Amino acid sequence: GQQLNQSPQSMFIQEGEDVSMNCTSSSIFNTWLWYKQDPGEGPVLLIALYKAGELTSNGRLTAQFGITRKDSFLNISASIPSDVGIYFCAGRSGNQFYFGTGTSLTVIP
Amino acid sequence: SAVISQKPSRDICQRGTSLTIQCQVDSQVTMMFWYRQQPGQSLTLIATANQGSEATYESGFVIDKFPISRPNLTFSTLTVSNMSPEDSSIYLCSVWDRVTEAFFGQGTRLTVV
């Protein structure tokens with residue numbers, strides 16, 4: 001199936017820094033999703049986006065639905081150690097979900 | 001959001017044997033999916049579990065190797081048959097009910113020795 005391209009693949013940042021990651025697709029989606037996966041756990045939904053240009057926040061996390069509907073962005077402000085994990089984007093088309101390649105985030109105290 | 005219970009959380013199995021993974025949801029859901037996640041990799045869809053009928057498998061996955069059952073709207077099982085070390089992976093159950101987005105179980109970490 002289609003896989004979305006995420007970048008960067010991994011990030012190592014200092015605690016307190018802001019983080020940005022993005023996800024691109026060759027296809028248009030009407031729904032963009034961002035998940036976080038902690039080690040040994042299943043992915044947990046962070047933010048859902050339903051409209052091109054939409055900007056949605058969840059605490060220190062902010063995600064945007066790209067105008068072209070082929071991309072999405074996730075920003076984390078003032079990172080803390082518990083932000084460590086793998087972040088996945090996903091595009092939904094009907095009842096089909098397509099996941100990104102993942103961004104591994106390491107926060108250095 | 002739906003609460004998903006996936007069992008077992010981990011197992012170590014001998015090659016040639018089979019393991020059945022269970023996924024129980026606390027509410028009726030429209031769709032249930034099974035994914036495989038290799039270490040450090042993204043999620044790969046194995047199949048969509050259909051209630052009362054055969055599962056819909058993705059390319060590269062076959063029913064003989066990954067038989068799936070879904071007897072009702074809250075329960076599904078995935079069996080990994082005739083296991084080899086290459087089947088060592090994390091297996092994830094996911095549900096979607098058209099009202100909320102996809103949720104995942106905690107996963108089953110399988111090691112085949």
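Quick note on labels: first sequence line is chain A, next is B, and so on, each numbered from 1. Everything numeric in this text was worked out from a predicted model, so none of it was measured.
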Electrostatic pair R15(B):D87(B) at N-O distance under 4.0 angstrom: no
Output the option from G40(A), P43(A), A48(A), G42(A) having the highest count of non-hydrogen pairs under 4.5 Å with chain B. P43(A)
Report which part of I86(A) has an atom under 4.5 Å of a heavy atom belonging to chain B: side chain, backbone, both, or neither. neither
Taking side-chain hydrogen bond (donor to acceptor under 3.5 Å, both in side chains) as the definition, give me every residue that meets it alongside K36(A), ordered by chain and number, with sequence neighbours left out. D38(A)
Quick check: F61(B) with F66(B) (ring centres under 6.0 Å apart)? yes
Under 4.5 Å to a heavy atom of chain B? For Q37(A) that would be side chain
Contacting region of S104(A) [heavy-atom separation from chain B under 4.5 Å]: neither
Rounded to the nearest 0.5 Å, the CG atom of L45(A) sits from the CG atom of N58(A) at a distance of 9.0 Å
What part of Q41(B) is in contact with chain A, defined as an atom under 4.5 angstrom from a non-hydrogen atom: side chain, backbone, both or neither? backbone
State whether the number of non-hydrogen atoms from other residues, nucleotides or ligands found under 6.0 Å of K7(B) atom NZ is greater than 12. no
